[in-house]
Amino acid sequence: MDLRDPGLQPERTTLAWRRTLISLVVVDLFIWRRWLSGLAGAHPGFDYQGLCALVAAAATVVLASVVWVRSRELHHDNRAAHNQAAHTHAAHTQAAHTPAASRRLVLSSTLAVMALGGAVIAAIASGG
């Protein structure tokens, strides 16, 4: 029994994640702007704003990668379900992803969101 929605759900999910990524890029740009504006009067020592900017950018890259991989999986599953419905004689196609791969994607995205949240809080706290 196939529980996948062969309709527009994968497309809606992909669009929602793309909007979320645009929001994250805006947050990254604010962190980078604050860091770059603080470089003019910077004194020697460890640069917390630079570290926050680097962590935020790395977290956004990880999330973008997870969204890209997951949207490809959704589109692949949707195409396979559509082809199977169109050709009743076609053999059952197995999804390209496994539960272990899905768990890795969820874990990666959770850690990236936590890192991004921590970077934002640290950037606000150290920015005064």
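When reading the values below, keep in mind they use all heavy atoms of this one structure, side chains included, and skip hydrogens, waters and symmetry mates.
Between the CG atom in Leu116 and the CG atom in Leu111 there is a gap of 12.5 Å [rounded to 0.5 Å]. Trp17 CH2 to Ser109 OG: the interatomic distance, rounded to the nearest 0.5 Å, is 6.0 Å. We find the CG-CD1 distance between Leu36 and Ile31 to be 12.0 Å, quoted to the nearest 0.5 Å.
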Result block: side-chain N/O donor-acceptor pairs under 3.5 angstrom for residues 57-67, not counting sequence neighbours:
unit_1, atom_1, unit_2, atom_2, d
Thr60, OG1, Asp28, OD1, 3.4
Thr60, OG1, Asp28, OD2, 2.4
Thr60, OG1, Ala56, O, 2.9
Ser65, OG, Val61, O, 3.0

Subject >> Test side-chain contact (heavy atoms from CB on, under 4.5 Å) applied to Leu105 and Val69, step by step >> reply: CA-CA 8 Å; Leu105 285 175; Val69 167; 4.0 Å; yes

